[in-house]
Colleague: 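To start, I am sharing the structure in question, which I have written as structure tokens.
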Amino acid sequence: MSGGLLVAGTTSDAGKSVVTAGICRWLVRQGVKVAPFKAQNMSLNSFVTREGAEIGRAQAMQAQACRVEPTALMNPVLLKPGGERSSQVVLLGKPVGEMSARGYHGGRQQQLLGTVLDCLAELRGTYDAVICEGAGSPAEINLRRTDIVNMGIARNAGLPVLVVGDIDRGGVFASFFGTVALLSPEDQALVAGFLVNKFRGDVSLLEPGLDMLHGLTGRRTYGVLPFRHGLGIDEEDGLRVSLRGTVRESNTAAPVGEDVLRVAVCAVPLMSNFTDVDALAAEPGVVVRFVDRPEELADADLVVIPGTRGTVRALEWLRERGLAEAILRRAAEGRPVLGVCGGFQILGEHIEDDVESRRGRVDGLGILPVRVRFAREKTLTRPVGEALGERVEGYEIHHGVADVNGGDTFIRDDEGRGLDGCRVGQTWGTHWHGSLESDGFRRAFLREVAAAAGRRFTPAPDTSFAGLREEQLDRLGDLIEQHADTDALRRLIESGAPQGLPFIPPGAPA
């Protein structure tokens, strides 16, 4: 096989990331050497590659679906929102500055097209196939002139386009038709067809509509994927889901011990890498929920303050909501609290920030003997150490540099020297994202939490978070293999969009 495909969507959250991962896993199981690609990603959930580059977590998961190491080539532009109107621009894995949305779309985005195309060309020269993911909708006519992630990349690279629609939201036929009809003739020529996502019920009842859609657009539907629980890979937008009641599809398996363990995650503004708590939710008997009121901490056995792109803003939010006072009481009572990255910084004595918020010195909660200074240079590493007698791996993404002046630096190297973290009583803090994905450390940590909380909870002895992720990716591959026309999909990837696809008026406005 040699070729590529752009997976676009009628809307954000239509299922582009999941479908891209599923196609990647299906192809790699067919012996195809495949790579994922997303030219531009806006996300507060990011990952660090082995070479120290920051990319979106969705692309890291898609690389796992391909059974290859993620690299910066797979997500050359990452935008990390710092508020409603500005984002940090990460180019080829390194931050290059803050920019307003107007400034980015006003010229900077188009300047990056050459870099994006070079990255895609390098991947296509290395792999048999590259499965690209779009962003939002390809029919965002106000942004088409500067687009480098949807039809802009498809046109320049000659990629066929598959449009995914979430039928669970309703209006999927209008969304498919309208998406095509708002594209220029040149763009429409690359839109090969559609893929229906999250269908519930009898497919035969849908087929008349698919036939009519084919008659109206001249484009076929490549598959109807049924609704399945628990198939979401690492999500992109922490802002939109920050107050969700559960962590995606929380594990409902019965606890091994007599009690469950309740985890409350503070839904701080600009929450980043909230995927850190997915490993907790994967444990049988661990119930994870996101909270924004102090009374919701009362029955929690563990409170987590997650990472954030706005540490000082999150600290103020905790104080305004009364959560800070509740966390201080918990710590004084010896009840478990965990801060990760920005959450770790919040637990310290003070923060010197002339980089992120530019607020200068700000008092922290003062629970941990830690002083934080924000450096211009961002720390991007993949460290390995030992904690609680177990090997632990993680990744660091932060400007804040922690000066630890006491407590227990509980993550150590092979010779017992402190690497990261601070623990005082049952309050823990670390800059390491992903540490809870290390099975042995997670179990040891949960045993400590359960003992401090007085819960008769026992971690399952055989939960493998990496194994669960692999099972999830295989289920995505199964979904494509069983419910998409894989022969037609393969032809599309190899040969491009069919010739002679009809133009659907009115097309893009002049």
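For the numbers below, each heavy atom of this structure counts, side chains included, while hydrogens, waters and symmetry mates do not.
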Colleague: Could you tell me whether Asp299 and Arg289 have a side-chain N and a carboxylate O separated by less than 4.0 Å?
Modeller: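 Counted as a salt bridge, because a side-chain N and a carboxylate O are separated by less than 4.0 Å.
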Colleague: Locate the shortest heavy-atom distance separating Pro306 from Cys266; write the atom from each residue and the value.
Modeller: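 That closest heavy-atom pairing would be CD-O, 3.2 Å.
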Colleague: Are more than 12 heavy atoms, taken from residues, nucleotides or ligands other than Asn142, located less than 6.0 Å from that residue's CG atom?
Modeller: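 Yes - once you tally the heavy atoms of other residues, nucleotides and ligands closer than 6.0 Å, there are more than 12.
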Colleague: In terms of ring plane angle, is the pair His431 and Phe344 parallel, tilted or perpendicular, where the classes change at 30° and 60°?
Modeller: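 Aromatic pair His431/Phe344 classed perpendicular.
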Colleague: Between Asn41 and Gly56, what is the shortest heavy-atom contact and its length?
Modeller: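 Closest pair (atom of Asn41, atom of Gly56, distance): ND2-CA, 3.8 Å.
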Colleague: For Glu377, does the CD atom have more than 12 heavy-atom neighbours from other residues, nucleotides or ligands under 6.0 Å away?
Modeller: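 It does not: Glu377 CD has 12 such atoms or fewer within range.
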Colleague: Which atoms form the tightest heavy-atom contact between Val392 and Glu386, and what is the distance?
Modeller: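 In this case the closest contact between Val392 and Glu386 is CG1-N, 3.9 Å.
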Colleague: Could you give the distance from OG (Ser272) to NZ (Lys80), rounded to the nearest 0.5 Å?
Modeller: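 So the gap between those two atoms works out to 5.5 Å.
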Colleague: Would you say the side chains of Glu333 and Gln426 form a donor-acceptor pair under 3.5 Å?
Modeller: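 There is no such pair (donor and acceptor under 3.5 Å, judged by atom type) between the side chains of Glu333 and Gln426.
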Colleague: Between Gly407 and Val424, which heavy-atom pair has the shortest distance, and what is it?
Modeller: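 Gly407 and Val424 have their closest heavy atoms at CA-CG2, 4.0 Å.
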Colleague: Using a 6.0 Å cut-off, check whether atom CZ of Arg456 has over 12 heavy atoms from anything other than its own residue.
Modeller: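 No, not enclosed.
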Colleague: Would a 4.5 Å heavy-atom cut-off, applied to side chains only, mark His399 and Arg376 as touching?
Modeller: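 Not in contact.
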Colleague: Mind running ring-ring contact (aromatic ring centres under 6.0 Å, His included) on Phe47 and Tyr395 for me, showing each step along the way?
Modeller: CA-CA 7 Å; Phe47 184 75; Tyr395 55 99; 5.0 Å; yes
Colleague: For residues Leu297 and Ile327, determine if any side-chain heavy atom of one lies less than 4.5 Å from a side-chain heavy atom of the other.
Modeller: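 Sidechains of Ile327 and Leu297: in contact.
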Colleague: Check the side chains of His350 and Asp363 for a donor-acceptor pair under 3.5 angstrom, ignoring hydrogens and angles.
Modeller: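 Short answer, no.
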Colleague: Looking only at non-hydrogen atoms, find the nearest pair between Gly418 and Thr409 and report the distance.
Modeller: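 Scanning both residues completely, I find the closest heavy atoms to be CA-CG2, 3.7 Å.
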Colleague: So, for Gly134 and Leu6, which heavy atoms are closest and what is the spacing to 0.1 Å?
Modeller: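 Smallest heavy-atom distance, with atoms named: N-CD1, 3.7 Å.
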Colleague: Please find out if less than 6.0 Å separates the ring center of Phe410 from that of Trp428.
Modeller: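 Ring centroids of Phe410 and Trp428 are less than 6.0 Å from each other.
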Colleague: First locate atom OG1 of Thr71, then atom CZ of Phe37, and finally report the distance between them rounded to the nearest 0.5 Å.
Modeller: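 Here the rounded value is 10.0 Å.
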Colleague: Do Met151 and Asp147 have side chains that get closer than 4.5 Å, going by heavy atoms?
Modeller: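 In short, these two side chains touch, coming nearer than 4.5 Å.
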Colleague: Roughly how far, to the nearest 0.5 Å, is the CG atom of Asp413 from the CG atom of Leu419?
Modeller: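 If we round to the nearest 0.5 Å, Leu419:CG and Asp413:CG are 5.0 Å apart.
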Colleague: Apply salt bridge (Lys or Arg N to Asp or Glu O under 4.0 Å) to Arg423 and Glu448, showing your working.
Modeller: CA-CA 12 Å; Arg423 177 187 180 183; Glu448 292 256 355; 2.9 Å; yes
Colleague: Would you call Asp278 and Arg469 a salt bridge, using N to O less than 4.0 angstrom?
Modeller: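 Salt bridge between Asp278 and Arg469, a charged N being under 4.0 Å from a carboxylate O: yes.
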Colleague: Under 3.5 Å, is there a donor-acceptor pair between the Glu393 and Ser438 side chains?
Modeller: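 Absent: no donor and acceptor within the cut-off.
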Colleague: Taking the side chain as C-beta and beyond, is there a heavy-atom pair between Arg50 and Arg382 under 4.5 Å?
Modeller: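 Result yes, sub-4.5 Å side-chain heavy-atom pair found.
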Colleague: State whether a side-chain donor-acceptor pair under 3.5 Å links Thr379 with Glu396.
Modeller: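 Short answer, no.
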Colleague: Please indicate whether Glu325 has more than 12 foreign heavy atoms, meaning atoms of other residues, nucleotides or ligands, lying under 6.0 Å from its CD.
Modeller: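 No, CD of Glu325 has 12 or fewer neighbouring heavy atoms, counting only those of other groups under 6.0 Å.
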Colleague: Looking at Gly171, is its backbone amide N or carbonyl O close enough to the side chain of Ser175 to form a donor-acceptor pair, meaning the two atoms are under 3.5 Å apart?
Modeller: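 It does hold such a pair.
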Colleague: Determine, step by step, whether Arg335 and Arg329 satisfy the side chain to side chain contact (heavy atoms under 4.5 Å, CB included) criterion, reporting the C-alpha distance in whole Å, the side-chain angles of both residues, the deciding distance to 0.1 Å, and the verdict.
Modeller: CA-CA 9 Å; Arg335 303 175 67 195; Arg329 285 197 303 270; over 6 Å; no
Colleague: Is a side-chain N or O of Asn75 found less than 3.5 angstrom from the main chain of Val77, in a donor-acceptor match?
Modeller: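 Checking the backbone N and O of Val77 against the side chain of Asn75, a donor-acceptor pair under 3.5 Å is found.
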Colleague: Is the number of heavy atoms from other residues, nucleotides or ligands within 6.0 Å of CZ (Arg359) greater than 12?
Modeller: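 Count not over threshold, so no.
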Colleague: Step by step, work out the side chain to side chain contact (heavy atoms under 4.5 Å, CB included) result for Val287 and Val263.
Modeller: CA-CA 6 Å; Val287 179; Val263 179; over 6 Å; no
Colleague: So how far is it from Leu78 CG to Ser46 OG, rounded to the nearest 0.5 Å?
Modeller: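 One gets 6.0 Å once the value is rounded to the nearest 0.5 Å.
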Colleague: So which of Val286, Thr463, Leu388 actually passes side-chain contact (heavy atoms from CB on, under 4.5 Å) with Arg442?
Modeller: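 Per the side-chain contact (heavy atoms from CB on, under 4.5 Å) rule, the option paired with Arg442 is Thr463, out of Val286, Thr463, Leu388.
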Colleague: Under the side chain to side chain contact (heavy atoms under 4.5 Å, CB included) criterion, do Glu54 and Lys378 qualify, and how do the steps go?
Modeller: CA-CA 10 Å; Glu54 185 180 8; Lys378 182 185 280 192; 2.8 Å; yes
Colleague: Quick one, Arg309 and Met271 - any side-chain contact, counting heavy atoms below 4.5 Å?
Modeller: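 Heavy-atom side-chain distance check fails, nothing below 4.5 Å.
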Colleague: For a 4.5 angstrom cut-off between non-hydrogen side-chain atoms, does Val362 reach Asp353?
Modeller: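 Val362 does not reach Asp353 side chain to side chain.
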Colleague: One pair to check against side chain to side chain contact (heavy atoms under 4.5 Å, CB included): Arg447 and Arg443. What are the steps and the verdict?
Modeller: CA-CA 6 Å; Arg447 281 192 290 269; Arg443 294 184 193 115; 3.8 Å; yes
Colleague: Could you give the distance from NZ (Lys38) to OG1 (Thr20), rounded to the nearest 0.5 Å?
Modeller: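 Reported value, rounded in 0.5 Å steps: 8.0 Å.
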Colleague: With distance as the sole criterion, is a donor-acceptor pair present between the side chains of Glu133 and Ser17 under 3.5 Å?
Modeller: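 A donor-acceptor contact under 3.5 Å links the two side chains.
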Colleague: Looking at CZ of Arg262 and CZ of Arg455, how far apart are the two atoms once the value is rounded to the nearest 0.5 Å?
Modeller: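 Separation between the atoms: 5.0 Å.
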Colleague: Whether the side chain of Glu356 engages the backbone of Thr311 through a donor-acceptor N/O pair (distance < 3.5 Å, no angle test) should be reported.
Modeller: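 Such a contact is found between Glu356 side chain and Thr311 backbone.
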Colleague: Does the side chain of Pro269 come within less than 4.5 Å of Thr308's, by heavy atoms?
Modeller: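 Of all side-chain heavy-atom pairs linking Pro269 with Thr308, none is under 4.5 Å.
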Colleague: Assess the side chains of Asp420 and Thr430: does a donor N or O sit below 3.5 Å from an acceptor N or O?
Modeller: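 Short answer, yes.
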Colleague: Are any of the side-chain nitrogens in Glu296 or Arg321 under 4.0 Å away from the carboxylate oxygens of its partner?
Modeller: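 No.
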Colleague: If we ignore hydrogens and angles and just use 3.5 Å, is the side chain of Arg25 paired with the main-chain N or O of Ala65 as donor and acceptor?
Modeller: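 Yes: the side chain of Arg25 pairs with the backbone of Ala65.
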Colleague: May I ask you to decide if Val89's main-chain N or O and Ser87's side chain share a donor-acceptor pair within less than 3.5 Å?
Modeller: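 Judged by distance alone, no pair lies under 3.5 Å.
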Colleague: Just wondering, do Arg373 and Asp403 contact through their side chains at under 4.5 Å, heavy atoms?
Modeller: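 Asp403 does not reach Arg373 side chain to side chain.
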